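Remarks on the structure that follows.
Quantities reported herein were computed from a predicted structural model and do not represent experimental measurements.
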Amino acid sequence: LGHNVFEKKPFLQYAVQIYKRIKKDSALLFSACSHLLHNQELMASLAGSGFDAVLTDPFLPCGPIVALYLELPAVFFSNALPCGLDLQGTHCPSPPSYVPRVLSLNSDHMTFLQRVKNMLILASEGFLCNMVYSPY
């Protein structure tokens with residue numbers, strides 16, 4: 001997502017580019033997870049290895065799915081959960097009027113138009129999260 005972060009493009013063009021990249025990357029990650037779970041030899045090897053837990057990043061749903069399949073606890077390591085779940089879980093306020101969204105490239109000192117852009121990004125996050133995680 002950060003590959004073209006320093007290119008100056010119109011916001012809408014940037015948003016469409018991000019959408020296409022997320023859709024492509026999401027399909028790739030889902031395919032990799034599907035191939036892992038359908039590899040009976042590898043999954044049997046993992047099941048027989050005697051692991052105590054699965055260390056995983058909650059951003060990628062495949063780790064918790066593997067943990068569930070192996071009947072092991074999932075231990076998450078991350079500084080933030082995807083789709084604002086960390087904010088919902090902790091009831092931590094994150095007002096878009098002065099807390100910039102990750103994809104906005106804004107600082108915490110925003111102009112009015114940057115705040116509008118921040119709100120639009122916040123409004124689109126639910127759609128993007130659904131797009132990324134619905135295949136799982």
Side-chain angles (χ1 to χ4, degrees):
L1 290 175
H3 178 68
N4 298 327
V5 73
F6 296 109
E7 289 183 12
K8 295 292 183 188
K9 293 182 179 179
F11 175 71
L12 190 55
Q13 184 180 3
Y14 180 73
V16 168
Q17 180 182 4
I18 291 284
Y19 168 79
K20 287 179 180 178
R21 187 171 301 138
I22 288 174
K23 189 168 181 161
K24 179 181 162 190
D25 292 349
S26 178
L28 176 69
L29 293 171
F30 180 73
S31 174
C33 184
S34 180
H35 281 86
L36 169 67
L37 293 169
H38 288 96
N39 185 335
Q40 294 176 351
E41 182 181 334
L42 178 57
M43 292 306 290
S45 173
L46 289 173
S49 295
F51 290 108
D52 295 322
V54 174
L55 301 177
T56 184
D57 186 333
F59 185 77
L60 303 173
C62 198
I65 293 170
V66 170
L68 185 64
Y69 177 83
L70 298 175
E71 298 178 351
L72 294 172
V75 178
F76 297 120
F77 60 91
S78 181
N79 63 350
L81 292 174
C83 304
L85 294 175
D86 52 342
L87 300 174
Q88 291 175 19
T90 60
H91 299 284
C92 183
S94 180
S97 58
Y98 64 90
V99 177
R101 305 309 294 173
V102 174
L103 299 177
S104 72
L105 306 178
N106 292 335
S107 73
D108 59 342
H109 299 285
M110 294 181 273
T111 65
F112 176 74
L113 288 178
Q114 288 173 324
R115 291 171 200 259
V116 170
K117 174 181 156 183
N118 209 42
M119 275 301 297
L120 292 173
I121 291 172
L122 175 63
S124 68
E125 284 177 355
F127 171 74
L128 290 174
C129 287
N130 186 40
M131 181 180 64
V132 170
Y133 295 112
S134 65
Y136 292 91

(message) Are the side chains of Arg101 and Asn106 in contact, using a 4.5 Å heavy-atom criterion?
(response) no
(message) If the condition is side chain to side chain donor-acceptor pair (under 3.5 Å), which residues does Ser124 pass it with, not counting sequence neighbours?
(response) none
(request) Would you mind listing the cluster partners of Leu68? Hydrophobic ones only (ILVMFWY), side-chain contacts under 4.5 Å, chaining allowed. (result) none
(request) Taking the side chain as every heavy atom from C-beta outward, state whether Phe51 and Leu72 have any atom pair closer than 4.5 Å. (result) yes
(request) List for me each residue that meets salt bridge (charged side-chain N to carboxylate O under 4.0 Å, His left out) alongside Arg115, sequence neighbours excluded, and say none if there are none. (result) none
(request) Sequence neighbours left out, what pairs pass side-chain hydrogen bond (donor to acceptor under 3.5 Å, both in side chains) with at least one residue falling in residues 37-51? (result) Ser34-His38
(message) Distance check, rounded to the nearest 0.5 Å: Ser26 atom OG versus Leu60 atom CG?
(response) 9.5 Å
(message) Check whether Lys23 reaches the backbone of Met131 with its side chain - one donor and one acceptor, N or O, closer than 3.5 Å.
(response) no
(request) Supply the members, apart from Tyr98, of the Ile/Leu/Val/Met/Phe/Trp/Tyr cluster built from side-chain contacts under 4.5 Å; use none for a lone residue. (result) Val99
(message) Checking one residue: Leu122. Which other hydrophobic residues are in its cluster under the side-chain 4.5 Å linking rule?
(response) Met119
(message) Would you compute the distance between atom CG of Leu128 and atom CD1 of Ile22 and round it to the nearest 0.5 angstrom?
(response) 5.0 Å
(request) To the nearest 0.5 Å, tell me how far Leu70 CG sits from Ile65 CD1. (result) 12.0 Å
(request) Determine whether Leu105 and Tyr14 make a side-chain contact, defined as any pair of heavy atoms from C-beta on separated by less than 4.5 Å. (result) yes
(message) Assigning hydrophobic clusters by single linkage (Ile, Leu, Val, Met, Phe, Trp, Tyr; side-chain heavy-atom cutoff under 4.5 Å), is Val16 placed with Leu120?
(response) no
(request) Using the rule that two of Ile, Leu, Val, Met, Phe, Trp, Tyr join whenever any of their side-chain heavy atoms come within less than 4.5 Å, decide whether Val132 and Phe127 are in one cluster. (result) yes
(message) Measuring from atom OG of Ser104 to atom NZ of Lys117, what distance do you get when rounded to the nearest 0.5 angstrom?
(response) 6.0 Å
(message) Same cluster or not: Val116 versus Met110, using hydrophobic residues (I, L, V, M, F, W, Y) connected whenever any side-chain heavy atoms lie under 4.5 Å apart?
(response) no
(request) Enter the distance from Thr56:OG1 to Phe76:CZ here, rounded to the nearest 0.5 Å. (result) 6.5 Å
(message) Return the OH to CG distance between Tyr133 and Leu29, rounded to the nearest 0.5 Å.
(response) 9.0 Å
